Amino acid sequence: MVNPAQATVPRESGMALDIRGLSHAFELGDQRLPVLDDVDLHLQPGESVGLLGPSGCGKSTLLRLVAGLEGLQHGQLLADGSAIEGPHPSRVLVFQDPTLYPWRSVWDNVALGLQARGQLKTQRPRVDETLRKVGLLEFRDAYPRQLSGGMAQRAALARALINEPRLLLLDEPLGKLDSLTRIAMQSELIRLWQQQAYSSLLVTHDVEEALLLCDRVLVFSARPARVLAELKVGRPYPRRRDDPRLLELRQHALELLGQGADW
Ligand code: ADP
Ligand code: MG
């Protein structure tokens, strides 16, 4: 019998992403700081790929390049086959800090993307729909200071999702949440990804989280980031934290990250 939660979800609306030979360096005074070293990654439409690596290795820089917030120096970045030349609402970045405007209600924060594109008047119902998707409809009139950490991050997700992104770039989105909220939000992220069918790149420092949420996980070296390994999870969703395959991959990832002996 087929478990509906494990059935294959159609992924037509996800973006294909091609990263080829991507290298990047920052200038620090007269010093050159190489940050990414010849990174290749192909993301299939609707795929979810996790990025693990030591702090400061270049993960956020990689996401900023894909978001079009950082100028391309070397290599190729293709979204559905076309060069990425700047930010676009089809590729949205969500940060660890929800960065909501404190003087705007939850509804007004989520409405921002539509407002910026002059679509708010005609598409108002989408704000409530998006709030419902992340379970925040009841708090539409609340202000950011009235939200818990998990709720604020849901609001930030809603603000991204209202753009109907085809690629969601998540930069340690659960990094500041307490562990119970984090576990609840991990399930939430899987549910949203399955419903909305976007492609996703998830940066996290939590090995278990990457393995629970992603189809594949890339492990990076210390700066400049090179791809050390690609771990194919190959397990249906929802996954169990104690799945032997996940535990085995977790150990492998920790060894690659130089933490094997401590776990
Ligand atoms: P990660 O997200 O993996 O922790 P980052 O991509 O944020 O790493 O940063 C990689 C390295 O690049 C760090 O050493 C950081 O200090 C440096 N860096 C990031 N952004 C800039 C910038 N705009 N100018 C100079 N150095 C930067
Ligand atoms: Mg970072």
Side-chain angles (χ1 to χ4, degrees), residues 17-41 43 48-77 79 84-87 91-100 149 152-153 156-157 159-160 165 167-179 181-182 185-186 189 199-214 216-231 250 252-260 262:
L17 175 72
D18 263 303
I19 302 180
R20 295 184 193 152
L22 183 68
S23 295
H24 200 83
F26 290 110
E27 303 295 332
L28 284 177
D30 52 5
Q31 287 220 327
R32 197 169 164 276
L33 187 76
V35 171
L36 297 172
D37 180 15
D38 199 17
V39 173
D40 288 309
L41 166 63
L43 199 63
S48 164
V49 170
L51 307 178
L52 283 173
S55 180
C57 76
K59 305 178 296 296
S60 295
T61 305
L62 178 65
L63 288 196
R64 289 174 53 79
L65 279 156
V66 174
L69 299 170
E70 195 77 55
L72 180 66
Q73 295 173 348
H74 192 273
Q76 276 188 310
L77 281 177
I84 291 176
E85 284 167 352
R91 289 175 265 116
V92 189
L93 189 51
V94 176
F95 303 95
Q96 183 173 41
D97 285 308
T99 60
L100 301 168
Q153 200 50 281
L157 273 171
R159 198 179 46 183
L167 173 62
L168 196 60
L169 304 165
L170 299 162
D171 197 351
E172 305 202 22
L174 312 183
K176 290 221 171 136
L177 303 179
D178 64 83
S179 60
T181 308
R182 193 178 176 113
M185 287 295 288
Q186 287 168 344
L189 283 178
S199 310
S200 153
L201 273 183
L202 169 73
V203 168
T204 173
H205 57 254
D206 182 334
V207 177
E208 184 183 87
E209 181 169 291
L211 295 171
L212 272 176
L213 268 61
C214 301
R216 278 186 290 145
V217 178
L218 297 191
V219 183
F220 289 108
S221 68
R223 191 185 65 234
R226 280 179 302 106
V227 179
L228 290 180
E230 180 193 311
L231 312 178
R250 178 172 180 272
H252 185 194
L254 288 169
E255 276 160 18
L256 289 164
L257 293 165
Q259 305 291 329
D262 298 340

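Reckoned from all heavy atoms, side chains included, excluding hydrogens, waters and symmetry mates. For ligands, and for the atoms within them, numbers begin at 1 and follow the listed sequence. Since this is a predicted model, take the numbers as computed values, not measurements.
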- Examine C57 against ligand 1 and note whether any of their N/O atoms are separated by less than 3.5 Å. yes
- Query: Could you walk me through whether V219 and L257 pass the side chain to side chain contact (heavy atoms under 4.5 Å, CB included) check?
  - Reply: CA-CA 8 Å; V219 183; L257 293 165; 3.8 Å; yes
- Task: Look at atom 12 (O) of ligand 1 and say whether a protein heavy atom is found at less than 4.0 angstrom from it.
- Result: yes
- Query: Do any non-hydrogen protein atoms sit less than 4.0 Å from atom 15 (C) of ligand 1?
  - Reply: no
- Query: Are any side-chain N or O atoms of Q153 and backbone N or O atoms of Q96, one a donor and one an acceptor, separated by less than 3.5 Å?
  - Reply: yes
- Message: I need the contact type for L62 against ligand 1. Using non-hydrogen atoms and a strict under-4.0 Å cut-off, is it side chain, backbone, both or neither?
- Response: neither
- List every atom of ligand 1 that sits less than 4.0 Å from any heavy atom of L33, numbering the atoms from 1 in the order shown and giving each element. 12 (O), 14 (O), 17 (C)
- Closest candidate by heavy atom, reference atom 8 (O) of ligand 1, pool P54, P34, S55, G58: G58
- Of the backbone atoms (N, CA, C, O) and the side-chain heavy atoms from C-beta on, which set of R223 has a member under 4.0 Å from an atom of ligand 1: side chain, backbone, both, or neither? side chain
- Query: Quick one: which ligand 1 atoms are inside 4.0 Å of a heavy atom on V35?
  - Reply: 10 (C), 11 (C), 12 (O)
- Message: Residue-level breakdown please: for T61 versus ligand 1, do any non-hydrogen atoms fall below 4.0 Å on the side chain, on the backbone, on both, or on neither?
- Response: both
- Task: Only heavy atoms count here, so choose which of G56, G53, A25 is nearest to atom 1 (P) of ligand 1.
- Result: G56
- Task: Look at the N, O or S atoms of S60, main chain and side chain alike, and state whether any lies under 2.8 Å from the Mg ion (ligand 2).
- Result: yes
- Note on the structure: Nearest non-hydrogen protein atom to atom 27 (C) of ligand 1, with distance, is F26 CD1, 3.3 Å
- Take atom CD in E230; do more than 12 heavy atoms of anything else shown fall under 6.0 Å from it? yes
- Donor-acceptor pair, S23 side chain versus H74 backbone, under 3.5 Å? no
- Identity and distance of the protein heavy atom lying nearest atom 7 (O) of ligand 1: S60 CB, 3.6 Å
- Message: Is it the case that over 12 heavy atoms from other parts of the model lie below 6.0 angstrom from the CD atom of E27?
- Response: yes
- Decide if atom CZ of R182 counts as having more than 12 heavy atoms of other residues, nucleotides or ligands within a radius under 6.0 Å. yes
- Message: With a 4.0 Å cut-off on N to O distance, would you call K176 and D97 a salt bridge?
- Response: yes
- Query: If you measure from each non-hydrogen atom of D171 to ligand 1, which part falls under 4.0 Å: side chain, backbone, both or neither?
  - Reply: neither
- Message: Between S199 and L167 (side chain of the first, backbone of the second, donor and acceptor by atom type, cut-off under 3.5 Å), is there such a pair?
- Response: no
- Message: Quick check on contacts: which atoms of ligand 1 are under 4.0 angstrom from a heavy atom of L28?
- Response: 25 (C)
- Message: Closer than 3.5 angstrom, by distance alone: can the side chain of K59 be matched with the main-chain N or O of P54 as a donor-acceptor pair?
- Response: yes
- Hey, does V217 have a side-chain heavy atom less than 4.5 Å from the side chain of L211? yes
